[in-house]
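Okay, structure first, notes after.
Quantities reported herein were computed from a predicted structural model and do not represent experimental measurements.
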Amino acid sequence: MRSIQLLVILLLLASTLDAQTTYSKLYWTYPYVGGAKSIAIDDDNLYIVGKGASYIDGISTTNVYFMKLDHHGSTISYNHLIGDGNYKFRDGFASSSGLFNDSVLYVAGYYSEYDTLFPPWFSEHNGMLYAFNLDGDTLFTKKYIGDGNTEFYRLVLDNNTIILGGDTHDTIVNLVPSYLIKVDVTGLLIWEARLGDGIQNESTYLLDVGPSGQIVSGGGIVTDIDMFGVIRNGKVYKTDINGNMYFSKEIGTPGADTEIEVKVSKNYQSYIVRQNLDTVINEGDYEYVQYIGKTDTNFNFLWRTFLNDEYYKYIYTLRTFEDGSIVAVGGAVVDDTYDIHGYIVKLDSNGTVLWERDYATAPGGANYLYDFQKMPDGGYICSGLGGDSIDGGIESMAWLLRLDSMGCLIPGCDEVSVPDIAVNSETYL
């Protein structure tokens, strides 16, 4: 009875608010579709890329998938990009995307190229750029070898060029420099750059472009390896329009921190960053703390907001908006079940948390939000990884979460006390 009364209250409240579309939908096809790693939007459609699988000669092979949906999450088309028998796509390959001229979707990633005589012991990762039209047809794929083993983690579009960031190394792995390339819209290499101090292993994960085309990127640097594992700091870089590095700075603690993400503010006067630090702020906090911060253009902090509590949080993507507000998505543990929920948080331009929400699909599964975009009605569309029970087990699926402008799945969640309700509208392809 109490649940019915609550539902009636919520429906009445929703009727008094401006109508904004909300939904939670899962997408799955045999043998499998994994997390929706990146999302792009236009006036009519959503474009999703991630990790899937198909059969080649009766063998399940991981690959890139592409989904085109309308703004209500209904599937318009679905395609796999499948390699030949020598090219097996692996984790991380579809890590970032960008929509160019409302007609081409570019996707950064990598795949593993195996020596077919000795799989999988001898392999190399090849950096990849994929280009799809808006129906999911492959326009081209380009491979970038770098020093022999290359991975791209993000891309950013800048006028008629594409910048990809990651790392590269030879097969002996003596040194892993941060790696940037710039290509034209056909994938033709314009320049490549190896960043770092030439001594330590470094990566460039996360990119943005400042005024006059200079590139601001964030990544990680391995400072030491001890009996407990890798000691890492975040590291930021600035390069000119031709890829020449003229500024770098380490940011972190003496412990094992994560890479750092950088976004350029809309007025180009500051940067917004996020990072996990190996530290405890208050007694009882989780041992790693996620923060979002604002820096000047020399990466001196103006403020930092620590999202610390007794449980784990990690942010995958953040974006800034014209009013100075910041929205970020990721994953968070919220209670003693230690299930990971999709997480979204909004801050104002001074770093004050305006709201934060968490959502899950099925109990006992892992839920992550990897990427998001702001919708025309002021709400948010998030892409990630969810799951549901199939044949007695939890199957990982692509997950789309459509929220209103207050981050609510159930309108009015910011005005009434709403218990955790997993709204799970399953959409199978």
Side-chain angles (χ1 to χ4, degrees), residues 35 37 91-92 95-96 153-154 165-167 178 200-208 216-226 228-237 248-263 271-295 299-320 326-335 338-347 351 353 356-358 366-372 382 384-385:
K37 298 290 284 188
D91 291 340
S95 53
S96 182
Y153 306 117
R154 290 286 177 105
D167 57 40
S178 174
Q200 295 159 307
N201 293 343
E202 307 191 30
S203 298
T204 292
Y205 291 84
L206 308 145
L207 301 167
D208 210 350
V216 183
S217 60
I221 176 170
V222 176
T223 59
D224 198 6
I225 298 177
D226 63 15
F228 300 106
V230 173
I231 306 300
R232 175 182 288 133
N233 279 157
K235 190 166 182 180
V236 290
Y237 312 86
S248 67
K249 185 175 183 178
E250 271 187 63
I251 299 176
T253 73
D257 306 318
T258 67
E259 78 287 343
I260 191 166
E261 177 174 8
V262 181
K263 292 291 183 183
Y271 303 135
I272 306 299
V273 300
R274 68 95 174 126
Q275 187 182 24
N276 267 64
L277 297 179
D278 183 4
T279 190
V280 173
I281 295 177
N282 300 314
E283 185 177 354
D285 283 352
Y286 188 73
E287 59 185 346
Y288 290 93
V289 59
Q290 176 76 68
Y291 74 83
I292 296 173
K294 185 176 185 179
T295 76
F299 288 100
N300 301 304
F301 281 100
L302 304 175
W303 53 257
R304 279 196 288 187
T305 297
F306 292 92
L307 303 169
N308 56 299
D309 59 30
E310 59 186 306
Y311 299 113
Y312 165 86
K313 289 186 178 75
Y314 183 82
I315 288 172
Y316 284 93
T317 299
L318 58 76
R319 301 186 190 280
T320 64
I326 304 154
V327 176
V329 298
V333 173
V334 300
D335 56 35
Y338 291 97
D339 292 343
I340 298 177
H341 289 203
Y343 175 72
I344 181 169
V345 60
K346 182 175 182 179
L347 294 77
V353 174
E356 55 184 337
R357 319 277 185 219
D358 65 272
N367 301 266
Y368 297 94
L369 298 179
Y370 295 127
D371 196 9
F372 76 98
C382 309
L385 174 71

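- Here the CD atom belonging to Gln290 is positioned 13.0 Å from the OH atom belonging to Tyr288, to the nearest 0.5 angstrom.
- Proximity of Val216 to Phe299: side-chain heavy atoms (C-beta onward) are separated by under 4.5 Å at one or more points.
- A donor-acceptor pair under 3.5 Å links the side-chain atoms of Gln275 to the main chain of Ile251, judged by distance alone.
- Across all their heavy atoms, Gly220 and Glu259 have their closest contact at N-CB, 4.0 Å.
- The minimum heavy-atom distance linking Val327 with Phe372 is given by the pair O-CZ, 3.3 Å.
- In this structure, Tyr316 and Tyr314 have perpendicular ring planes: the angle between them is above 60°, well past the 30° mark.
- Ile272 contributes atom CD1, which lies 6.5 Å from atom OG1 of Thr320 (distance to the nearest 0.5 angstrom).
- Summarising the geometry, atom CD belonging to Glu250 is positioned 5.0 Å from atom CG belonging to Asn233; distances are rounded to the nearest 0.5 Å.
- Residue Arg232 comes nearest to Thr258 through the heavy atom pair CD-C, 4.4 Å, listed as atom of the first residue, atom of the second, then distance.
- Residue Arg274 comes nearest to Ile315 through the heavy atom pair NE-O, 2.9 Å, listed as atom of the first residue, atom of the second, then distance.
- Side-chain contact check for Val289 versus Thr279: some heavy-atom pair is nearer than 4.5 Å.
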Yes or no on side-chain contact (heavy atoms from CB on, under 4.5 Å) for Thr317 and Lys37, after CA distance, side-chain angles and deciding distance? CA-CA 10 Å; Thr317 299; Lys37 298 290 284 188; over 6 Å; no
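- Considering every non-hydrogen atom in both Ala328 and Leu318, the closest pair reads CB-CB, 3.8 Å.
- To the nearest 0.5 Å, atoms CG (Asp309) and CG (Asp285) are separated by 7.0 Å.
- Partner of Tyr312 under the ring-ring contact (aromatic ring centres under 6.0 Å, His included) criterion, out of Tyr286, Tyr338, Tyr343: Tyr286 alone.
- With hydrogens and angles disregarded, no donor-acceptor distance shorter than 3.5 Å links the side chain of Asp339 to the backbone of Val333.
- Between Arg154 and Asp208 no salt bridge is recorded (no basic side-chain N to carboxylate O distance below 4.0 Å).
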Please step through side-chain contact (heavy atoms from CB on, under 4.5 Å) for the pair Asp358 and Asn367, ending with a clear verdict. CA-CA 10 Å; Asp358 65 272; Asn367 301 266; over 6 Å; no
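- In terms of modelled atom types and a separation under 3.5 Å, the side chain of Asp257 and the main chain of Asp278 share a donor-acceptor contact.
- With Thr253 contributing its side chain and Leu277 its backbone, the two residues share no donor-acceptor pair below 3.5 Å.
- Counted by atom type alone, Asp167 and Tyr153 present one or more donor-acceptor pairs between their side chains at under 3.5 Å.
- The minimum heavy-atom distance linking Ser248 with Tyr237 is given by the pair CB-CD2, 4.1 Å.
- The CG atom of Asp335 sits 9.5 Å away from atom CD of Glu310, with the distance rounded to the nearest 0.5 Å.
- Here the side chains of Tyr368 and Ile340 are in contact, with some heavy-atom distance below 4.5 Å.
- Rounding to the nearest 0.5 angstrom, the gap separating the NE2 atom in His341 from the CZ atom in Arg357 is 15.5 Å.
- Between the side chain of Arg304 and the main chain of Tyr291, no donor-acceptor pair closer than 3.5 Å is present.
- Side-chain atoms of Glu202 do not come within 3.5 Å of backbone N or O of Gly219 as any donor-acceptor pair.
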